[in-house]
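Take a look at the structure below.
Predicted model only: the values in this text are computed from it and were never measured. Letters go in sequence order (proteins before strands), and every chain restarts at 1.
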Number of protein chains: 2
Amino acid sequence: MALDKIDRKILTLLQKDATMPVAEIGRKVGLSTTPCWRRIQKMEEDGVIQRRVAVLDPAKVNVGVTVFVSVKTNEHNDAWMRKFAGVIDEFPEVVEFYRMSGDVDYLMRVVVPDIGAYDSFYKKLISKINLTDVSSAFAMGQIKYTTALPLDFAIVVDDDK
Amino acid sequence: MALDKIDRKILTLLQKDATMPVAEIGRKVGLSTTPCWRRIQKMEEDGVIQRRVAVLDPAKVNVGVTVFVSVKTNEHNDAWMRKFAGVIDEFPEVVEFYRMSGDVDYLMRVVVPDIGAYDSFYKKLISKINLTDVSSAFAMGQIKYTTALPLDFAIVVDDDK
DNA sequence: CGCCCTTTCGCAATATTATTGCGCGAATGG
DNA sequence: CCATTCGCGCAATAATATTGCGAAAGGGCG
């Protein structure tokens, strides 16, 4: 499952633009289309490439506001966590959800059109599950957002090239 | 730029899987391929669909650890913000970056292989720009992560269907 | 109520791109 | 040094995207 320099180049390109024809990718990484295509296939089978998706403009679909919601709880067991996760899954406005170490127990990123919609979300949320301590932080602006992961840390065998 | 029910169905599908053939999308939304294709084109031109990307498995590219970094600063001017943004842009391990209201001024999400790599990142960061107060929170696990935005809030004209 | 205009549709033809089969040469390992 | 394996690239085939064009549906206006 190790990736060589060419694989990483391919991934870099696909993370930017997944519509690029394999032939063009091949040209950019110095490979003909067939081996390039086979590498991509393999990385999909291996699960390195999970999927290809369309990325929308948040403002254009009216969810220009991001809110980070921190949750503290007394319930520190697995069953409760699963329940919480299940509840969150039902909310499409929660786009990220993490279990945290330290001060807060959970952190989620929520996207909504405005403060009012966030309040609706908040009320719906606390009606579905009992939360001890919830704190909301509003983003005034998104300065950077990328789905592209850094490849500098990827496992490598062959790095002479 | 308003979206009707069919448009939203198309977007829902494309947010899940951007490789789906237009013909199949058309079938699922009750349209033949041509009008379906034209709708997709239009949404791309309008910028509703920003781009299509490959989503990688963080663990498979060795960035399984997420850290949220909160920054407080005394510099509350636009020039400094731009400089900060410029610095952050250079770090591929910072995948999200927000200007916040309230307690903290900036919040970023950083992906790294492990704590050690985070420490390296941290040192590099503070060497490039002077930050008053930095606080790091480690995610123990990613419970939910999606690039799909909710479409329930999108502007609609024709919603009889 | 009917007509015209605008919009959106769908079929069929064409162009692009993905995918497969096959043979070649380089690297590997004994 | 030989044999095996691996990755490459060409050329053929299959799938999909894209375009041209005419037909149907909706909407405003006489």
I'd like a table of donor-acceptor pairs (distance under 3.5 Å, sequence neighbours excluded) in which one partner is a side-chain atom from residues 108-118 of chain B, with atom names and distances.
unit_1 : atom_1 : unit_2 : atom_2 : d
B:R109 : NE     : A:E96  : OE1    : 3.2
B:R109 : NE     : A:Y98  : OH     : 3.3
B:R109 : NE     : B:E96  : OE2    : 2.8
B:R109 : NH1    : A:Y98  : OH     : 3.2
B:R109 : NH1    : B:T66  : OG1    : 3.3
B:R109 : NH2    : B:E96  : OE2    : 3.2
B:D114 : OD1    : B:G116 : N      : 3.1
B:D114 : OD1    : B:A117 : N      : 2.8
B:Y118 : OH     : B:S136 : OG     : 2.5

From [atom1] of [X] over to [atom2] of [N], roughly how many Å is that when rounded to an integer?
| X | N | atom1 | atom2 | value |
| --- | --- | --- | --- | --- |
| A:I40 | C:dT17 | CD1 | C1' | 12 Å |
| B:I25 | C:dC9 | CD1 | C1' | 17 Å |
| B:K5 | C:dT8 | NZ | P | 19 Å |
| B:R52 | D:dA17 | CZ | C1' | 11 Å |
| A:K42 | C:dT19 | NZ | P | 17 Å |
| B:R27 | C:dC11 | CZ | P | 15 Å |
| A:D4 | D:dC6 | CG | P | 16 Å |
| B:I10 | D:dA17 | CD1 | P | 13 Å |

Can you list everything that forms a side-chain hydrogen bond (donor to acceptor under 3.5 Å, both in side chains) with [X]? Sequence neighbours excluded, please.
| X | value |
| --- | --- |
| B:T19 | B:D17 |
| B:N77 | B:E75 |
| B:R82 | B:D78 |

Kindly give the atom pairs (protein nitrogen or oxygen, nucleotide nitrogen or oxygen) under 3.5 Å for nucleotides 18-24 of chain D.
unit_1 : atom_1 : unit_2 : atom_2 : d
D:dT18 : OP2    : B:W37  : NE1    : 2.4
D:dT19 : O4     : B:T34  : OG1    : 3.2

Using the test ring-ring contact (aromatic ring centres under 6.0 Å, His included), find all partners of B:F84 that sit at least two apart in sequence or belong to another chain.
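Testing B:F84 for ring-ring contact (aromatic ring centres under 6.0 Å, His included), a comparison that skips the adjacent residues, returns B:W80, B:F97, B:Y106.
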Indicate, with a heavy-atom threshold strictly under 4.0 Å, whether B:P35 touches base, sugar-phosphate, or nothing.
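Base contact.
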If the helix axis at each end comes from five base pairs, how far does the helix from C:dC1-D:dG30 to C:dG30-D:dC1 deviate from straight, to 10°?
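One end axis against the other gives 30°.
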Which donor-acceptor pairs under 3.5 Å do side chains of residues 49-58 of chain B form with protein atoms, sequence neighbours excluded?
unit_1 : atom_1 : unit_2 : atom_2 : d
B:R52  : NE     : B:E44  : OE2    : 3.1
B:R52  : NH1    : B:A18  : O      : 3.3
B:R52  : NH2    : B:E44  : OE2    : 3.2
B:D57  : OD1    : B:A59  : N      : 2.9

What pair of heavy atoms forms the shortest contact from B:A85 to A:I143, and how long is it?
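Shortest heavy-atom separation between B:A85 and A:I143 comes out as CB-CG2, 3.6 Å.
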Salt-bridge present (B:D103, B:K72; N to O < 4.0 Å):
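A salt bridge links B:D103 with B:K72.
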Sequence neighbours excluded - salt bridge (charged side-chain N to carboxylate O under 4.0 Å, His left out) pairs with any residue from residues 123-138 of chain A:
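Qualifying pairs, neighbours excluded: A:E93-A:K124, A:D119-A:K123.
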Does A:R39 put a side-chain nitrogen or oxygen below 4.0 Å from OP1 or OP2 of D:dG7?
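Answer no for this pair, as no side-chain N or O of A:R39 is under 4.0 Å from OP1 or OP2.
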